[in-house]
Amino acid sequence: MSLNATQAVDHDARSTPKIPQWIRDFTLEGYRNIYELLPHEPNLYGSEDLYGDWLGDTLVLGRVHGTVATVTQHIENRKRPAFCHARGEKKTELLKQRVLAGGLNQAIWARECGLLYGDATAGLCRKGVRVTGALPKKEETLTYGAQVLSGFVLQHMPNLQQVVCLGAEAWHVATQAFGVEEQSKKAMPSLKPVDAAPPHGAAVRATSVRLMPLHALGAVSSKVDVQRRWDDVYERVATVRADCGATKLRRAA
(Lines give C-alpha, C1' and ligand atoms only; values in the text may rest on other atoms or scores of the structure.)
Protein backbone atom coordinates (compact mmCIF):
# COMPACT_ATOMS: atom_id res chain seq x y z
CA MET A 1 0.00 0.00 0.00
CA SER A 2 2.65 2.50 0.98
CA LEU A 3 5.03 4.38 -1.26
CA ASN A 4 8.71 4.37 -0.53
CA ALA A 5 10.43 7.39 0.98
CA THR A 6 12.13 8.39 -2.28
CA GLN A 7 8.83 8.63 -4.10
CA ALA A 8 7.34 10.64 -1.25
CA VAL A 9 10.13 13.20 -1.10
CA ASP A 10 9.74 13.81 -4.83
CA HIS A 11 6.37 15.40 -4.09
CA ASP A 12 7.27 19.05 -3.55
CA ALA A 13 3.87 20.73 -4.07
CA ARG A 14 1.64 21.82 -1.23
CA SER A 15 -1.45 20.48 -2.97
CA THR A 16 -2.82 16.98 -2.57
CA PRO A 17 -0.63 14.21 -4.00
CA LYS A 18 -2.19 11.83 -6.52
CA ILE A 19 -4.59 9.53 -4.66
CA PRO A 20 -3.54 5.88 -5.15
CA GLN A 21 -5.99 3.34 -6.50
CA TRP A 22 -6.10 1.29 -3.29
CA ILE A 23 -7.67 4.29 -1.54
CA ARG A 24 -10.03 5.11 -4.42
CA ASP A 25 -11.27 1.50 -4.63
CA PHE A 26 -11.73 0.85 -0.90
CA THR A 27 -15.22 -0.24 0.21
CA LEU A 28 -16.73 -0.87 3.63
CA GLU A 29 -20.25 -1.73 4.75
CA GLY A 30 -22.09 1.29 6.16
CA TYR A 31 -20.17 3.79 4.03
CA ARG A 32 -19.61 4.97 0.50
CA ASN A 33 -16.16 6.02 -0.57
CA ILE A 34 -16.10 9.63 -1.75
CA TYR A 35 -14.41 8.50 -4.97
CA GLU A 36 -17.40 6.32 -5.77
CA LEU A 37 -19.58 9.44 -5.55
CA LEU A 38 -17.01 11.76 -7.15
CA PRO A 39 -14.66 9.72 -9.38
CA HIS A 40 -12.53 12.73 -10.31
CA GLU A 41 -12.20 14.20 -6.80
CA PRO A 42 -8.52 15.21 -6.30
CA ASN A 43 -8.49 15.66 -2.50
CA LEU A 44 -8.05 13.05 0.20
CA TYR A 45 -9.88 15.03 2.89
CA GLY A 46 -12.97 17.16 2.41
CA SER A 47 -11.60 19.71 4.88
CA GLU A 48 -8.48 20.39 2.80
CA ASP A 49 -10.15 23.49 1.41
CA LEU A 50 -10.05 24.89 4.95
CA TYR A 51 -6.45 23.89 5.70
CA GLY A 52 -4.70 22.03 2.88
CA ASP A 53 -0.93 22.39 3.22
CA TRP A 54 0.73 19.01 2.60
CA LEU A 55 4.13 20.55 3.32
CA GLY A 56 2.91 21.85 6.67
CA ASP A 57 4.23 20.86 10.07
CA THR A 58 0.82 20.18 11.64
CA LEU A 59 -1.85 17.61 10.83
CA VAL A 60 -5.25 18.14 12.46
CA LEU A 61 -7.47 15.04 12.48
CA GLY A 62 -11.20 15.24 13.11
CA ARG A 63 -13.71 12.40 13.37
CA VAL A 64 -15.53 11.96 10.06
CA HIS A 65 -16.24 14.08 7.00
CA GLY A 66 -20.01 13.67 6.74
CA THR A 67 -22.80 11.63 5.23
CA VAL A 68 -23.62 10.35 1.78
CA ALA A 69 -26.86 12.34 1.89
CA THR A 70 -25.00 15.60 2.45
CA VAL A 71 -22.52 14.97 -0.38
CA THR A 72 -25.32 13.89 -2.72
CA GLN A 73 -27.28 17.03 -1.92
CA HIS A 74 -24.27 19.18 -2.75
CA ILE A 75 -23.78 17.32 -6.03
CA GLU A 76 -27.40 17.93 -6.99
CA ASN A 77 -27.46 21.59 -5.91
CA ARG A 78 -24.14 22.46 -7.59
CA LYS A 79 -23.94 25.60 -5.43
CA ARG A 80 -20.68 24.60 -3.75
CA PRO A 81 -18.04 21.90 -4.08
CA ALA A 82 -19.56 18.58 -3.05
CA PHE A 83 -16.54 17.44 -1.02
CA CYS A 84 -15.47 20.32 1.18
CA HIS A 85 -15.77 21.75 4.67
CA ALA A 86 -18.99 23.62 5.49
CA ARG A 87 -17.73 27.16 5.99
CA GLY A 88 -19.54 29.27 8.52
CA GLU A 89 -20.72 26.34 10.60
CA LYS A 90 -20.23 26.64 14.35
CA LYS A 91 -17.55 23.95 14.52
CA THR A 92 -15.66 25.48 11.62
CA GLU A 93 -15.67 28.86 13.29
CA LEU A 94 -14.50 27.36 16.58
CA LEU A 95 -11.57 25.66 14.90
CA LYS A 96 -10.75 28.75 12.87
CA GLN A 97 -10.81 31.01 15.92
CA ARG A 98 -8.72 28.68 18.06
CA VAL A 99 -6.14 28.00 15.39
CA LEU A 100 -5.87 31.59 14.19
CA ALA A 101 -5.93 33.03 17.71
CA GLY A 102 -3.06 30.75 18.62
CA GLY A 103 -1.01 31.89 15.66
CA LEU A 104 -0.63 28.47 14.06
CA ASN A 105 -0.99 30.03 10.64
CA GLN A 106 -1.63 33.37 9.00
CA ALA A 107 -4.18 32.36 6.38
CA ILE A 108 -7.41 30.41 6.25
CA TRP A 109 -8.59 28.46 3.20
CA ALA A 110 -5.09 28.56 1.77
CA ARG A 111 -2.36 26.07 0.87
CA GLU A 112 0.53 27.89 2.49
CA CYS A 113 -0.79 27.77 6.04
CA GLY A 114 1.34 25.05 7.67
CA LEU A 115 -1.74 22.94 8.43
CA LEU A 116 -3.40 19.94 6.84
CA TYR A 117 -6.90 19.28 8.19
CA GLY A 118 -8.27 15.78 7.73
CA ASP A 119 -10.41 13.17 9.44
CA ALA A 120 -10.08 9.72 10.91
CA THR A 121 -12.22 8.01 8.27
CA ALA A 122 -10.31 9.41 5.28
CA GLY A 123 -13.02 9.95 2.68
CA LEU A 124 -15.52 7.37 3.87
CA CYS A 125 -19.00 8.93 4.06
CA ARG A 126 -21.63 7.39 6.30
CA LYS A 127 -24.72 6.11 4.55
CA GLY A 128 -27.98 7.81 5.44
CA VAL A 129 -28.40 11.17 7.14
CA ARG A 130 -27.19 10.47 10.68
CA VAL A 131 -24.01 12.37 11.53
CA THR A 132 -23.59 11.51 15.22
CA GLY A 133 -23.52 8.20 17.06
CA ALA A 134 -21.27 5.18 16.89
CA LEU A 135 -19.42 4.67 13.64
CA PRO A 136 -20.54 1.69 11.54
CA LYS A 137 -17.90 -1.05 11.52
CA LYS A 138 -15.88 1.11 13.89
CA GLU A 139 -12.80 -1.11 14.24
CA GLU A 140 -12.50 -1.71 10.50
CA THR A 141 -13.12 1.96 9.79
CA LEU A 142 -10.40 3.21 12.11
CA THR A 143 -7.97 0.53 10.93
CA TYR A 144 -8.49 1.79 7.40
CA GLY A 145 -7.96 5.39 8.56
CA ALA A 146 -4.69 4.34 10.17
CA GLN A 147 -3.59 2.59 6.97
CA VAL A 148 -4.28 5.74 4.96
CA LEU A 149 -2.35 7.82 7.48
CA SER A 150 0.70 5.55 7.62
CA GLY A 151 0.64 4.32 4.02
CA PHE A 152 -0.12 7.58 2.24
CA VAL A 153 -0.31 10.76 4.32
CA LEU A 154 2.97 10.22 6.15
CA GLN A 155 4.59 9.47 2.79
CA HIS A 156 3.78 13.01 1.67
CA MET A 157 4.26 15.20 4.76
CA PRO A 158 8.04 15.50 5.12
CA ASN A 159 7.81 18.47 7.49
CA LEU A 160 5.32 16.96 9.92
CA GLN A 161 6.05 17.72 13.57
CA GLN A 162 2.73 17.19 15.36
CA VAL A 163 -0.66 15.55 14.91
CA VAL A 164 -3.59 17.19 16.71
CA CYS A 165 -6.28 14.56 17.36
CA LEU A 166 -9.79 15.93 17.85
CA GLY A 167 -11.50 13.12 19.72
CA ALA A 168 -11.05 9.44 20.51
CA GLU A 169 -11.42 8.19 16.92
CA ALA A 170 -8.69 10.48 15.62
CA TRP A 171 -6.47 9.50 18.54
CA HIS A 172 -7.02 5.80 17.81
CA VAL A 173 -6.08 6.29 14.15
CA ALA A 174 -2.94 8.30 14.94
CA THR A 175 -1.63 5.94 17.62
CA GLN A 176 -2.28 2.91 15.43
CA ALA A 177 -0.53 4.50 12.45
CA PHE A 178 2.51 5.39 14.57
CA GLY A 179 2.57 2.03 16.36
CA VAL A 180 2.13 3.52 19.83
CA GLU A 181 2.15 0.96 22.63
CA GLU A 182 -1.11 0.06 24.31
CA GLN A 183 -0.40 1.86 27.60
CA SER A 184 0.23 5.11 25.75
CA LYS A 185 -3.06 4.81 23.88
CA LYS A 186 -4.82 5.31 27.19
CA ALA A 187 -3.64 8.92 27.20
CA MET A 188 -6.91 10.05 25.62
CA PRO A 189 -8.89 10.39 28.89
CA SER A 190 -6.07 12.36 30.50
CA LEU A 191 -5.19 14.17 27.26
CA LYS A 192 -1.46 13.62 27.62
CA PRO A 193 0.64 14.05 24.44
CA VAL A 194 2.77 11.16 23.24
CA ASP A 195 5.99 11.45 21.23
CA ALA A 196 6.26 8.71 18.61
CA ALA A 197 8.75 7.76 15.92
CA PRO A 198 7.39 7.87 12.34
CA PRO A 199 6.65 4.41 10.91
CA HIS A 200 9.29 2.77 8.74
CA GLY A 201 9.41 4.16 5.22
CA ALA A 202 7.63 7.43 6.03
CA ALA A 203 8.94 10.61 4.42
CA VAL A 204 8.71 12.50 7.73
CA ARG A 205 12.11 14.04 8.44
CA ALA A 206 11.62 14.48 12.19
CA THR A 207 12.83 11.63 14.37
CA SER A 208 9.81 12.11 16.64
CA VAL A 209 6.28 13.41 16.04
CA ARG A 210 4.11 14.62 18.92
CA LEU A 211 0.61 13.15 18.99
CA MET A 212 -1.67 15.57 20.85
CA PRO A 213 -5.08 14.32 22.02
CA LEU A 214 -7.90 16.84 22.41
CA HIS A 215 -11.61 16.43 22.92
CA ALA A 216 -13.68 16.70 19.76
CA LEU A 217 -14.97 20.17 18.95
CA GLY A 218 -18.11 20.88 20.94
CA ALA A 219 -17.64 17.81 23.17
CA VAL A 220 -16.43 19.70 26.26
CA SER A 221 -18.60 22.08 28.25
CA SER A 222 -15.78 23.91 30.03
CA LYS A 223 -14.53 26.71 27.78
CA VAL A 224 -11.65 27.37 30.18
CA ASP A 225 -10.47 23.78 29.94
CA VAL A 226 -10.78 23.75 26.16
CA GLN A 227 -8.83 27.00 25.82
CA ARG A 228 -6.09 25.75 28.14
CA ARG A 229 -5.61 22.62 26.09
CA TRP A 230 -5.57 24.56 22.82
CA ASP A 231 -3.00 26.90 24.40
CA ASP A 232 -0.76 23.85 24.82
CA VAL A 233 -1.11 23.14 21.09
CA TYR A 234 -0.32 26.77 20.22
CA GLU A 235 2.79 26.74 22.39
CA ARG A 236 4.04 23.50 20.90
CA VAL A 237 3.61 24.64 17.29
CA ALA A 238 5.05 28.09 17.97
CA THR A 239 8.12 26.50 19.57
CA VAL A 240 8.60 24.09 16.66
CA ARG A 241 8.33 26.86 14.11
CA ALA A 242 10.69 29.12 16.03
CA ASP A 243 13.27 26.32 16.19
CA CYS A 244 12.88 25.62 12.47
CA GLY A 245 13.33 29.30 11.68
CA ALA A 246 16.49 29.48 13.75
CA THR A 247 17.87 26.41 12.01
CA LYS A 248 17.25 27.96 8.58
CA LEU A 249 19.04 31.14 9.63
CA ARG A 250 22.05 29.15 10.84
CA ARG A 251 22.21 27.25 7.55
CA ALA A 252 21.97 30.46 5.55
CA ALA A 253 24.81 31.98 7.53
Side-chain angles (χ1 to χ4, degrees), residues 2 5 8 44-45 47-48 51-65 95 98-99 102 104-105 113-122 135 138-139 141-217 219-220 225-244:
S2 62
L44 176 68
Y45 299 123
S47 43
E48 285 185 51
Y51 300 115
D53 188 352
W54 282 78
L55 293 186
D57 55 34
T58 304
L59 172 64
V60 179
L61 280 181
R63 184 173 188 253
V64 62
H65 172 72
L95 180 61
R98 291 169 187 170
V99 172
L104 298 193
N105 63 293
C113 61
L115 291 165
L116 178 64
Y117 184 18
D119 59 73
T121 57
L135 294 175
K138 182 176 178 179
E139 191 63 34
T141 303
L142 299 182
T143 295
Y144 171 67
Q147 291 172 342
V148 172
L149 179 55
S150 63
F152 180 67
V153 178
L154 298 184
Q155 307 296 332
H156 296 282
M157 290 195 75
N159 302 319
L160 184 66
Q161 296 277 353
Q162 50 270 325
V163 181
V164 181
C165 305
L166 303 178
E169 290 86 359
W171 178 251
H172 183 101
V173 165
T175 51
Q176 186 173 337
F178 279 83
V180 173
E181 295 181 357
E182 189 62 34
Q183 57 265 33
S184 296
K185 289 184 180 181
K186 298 177 182 179
M188 187 67 215
S190 61
L191 299 177
K192 293 181 180 178
V194 172
D195 292 323
H200 179 72
V204 179
R205 297 189 183 107
T207 57
S208 178
V209 174
R210 178 156 293 185
L211 311 181
M212 308 183 73
L214 294 173
H215 287 299
L217 297 175
V220 183
D225 183 58
V226 170
Q227 188 60 54
R228 180 177 65 81
R229 300 193 187 283
W230 276 94
D231 286 344
D232 293 340
V233 175
Y234 305 152
E235 183 177 350
R236 158 72 183 180
V237 176
T239 299
V240 165
R241 293 186 176 175
D243 290 345
C244 288

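For the pair Met157 and Arg205, the minimum side-chain heavy-atom distance is 4.5 Å or more. At least one side-chain heavy atom of Val153 sits less than 4.5 Å from a side-chain heavy atom of Leu44. Annotation: side chain of Leu166 is not in contact with side chain of Arg63 (no heavy-atom distance under 4.5 Å). Using a 4.5 Å heavy-atom cutoff, the side chains of Leu61 and Val164 are not in contact.
Note that CG of Leu135 is 6.0 Å distant from CG of Leu142, once rounded to the nearest 0.5 Å. Here the CG-CZ distance, from Leu211 to Phe178, works out to 5.5 Å after rounding to the nearest 0.5 Å. If you take CG on Leu59 and CG on Leu149, they are separated by 6.5 Å, rounding to the nearest 0.5 Å. Between Tyr144 atom OH and Thr121 atom OG1 the span is 9.0 Å, to the nearest 0.5 Å. Atom CG of Asp119 and atom CD of Glu48 lie 10.0 Å apart (nearest 0.5 Å). Of the inter-residue distances, the one linking Thr58 atom OG1 with Arg210 atom CZ reads 12.5 Å to the nearest 0.5 angstrom.
Nearest heavy atom pair, residue Tyr45 against residue Gly118, reads CG-CA, 3.3 Å. What you find for Gly62 and Ala170 is that their closest heavy atoms are O-CB, 3.6 Å. The two residues Ser150 and Ala177 come nearest to each other via the heavy atoms CB-O, 3.8 Å. Of all heavy-atom pairs between Gly52 and Leu116, the closest is CA-CD1, 3.9 Å. Pro198 approaches Ala206 most closely through the heavy-atom pair CG-O, 3.3 Å.
Side chain of Asp53 to backbone of Gly114: a donor-acceptor contact under 3.5 angstrom is found. Looking only at distances, a side-chain donor or acceptor of Asn159 sits under 3.5 Å from a matching main-chain atom of Leu55. Side chain of Glu235 to main chain of Asp232: no donor-acceptor pair is present (N/O by atom type, distance under 3.5 Å, no hydrogens or angles).
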Test side chain to side chain contact (heavy atoms under 4.5 Å, CB included) on Leu214 and Val233; report intermediate values, then the result.
CA-CA 9 Å; Leu214 294 173; Val233 175; 3.8 Å; yes

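In this structure, the ring of Phe152 has its center less than 6.0 angstrom from the ring center of Trp54.
In summary, the side chains of Arg236 and Gln162 do present a donor paired with an acceptor at a separation below 3.5 Å, with no hydrogens or angles considered.
Remark: Ser208 pairs with Asp195 by the side-chain contact (heavy atoms from CB on, under 4.5 Å) rule, at least two apart or across chains.
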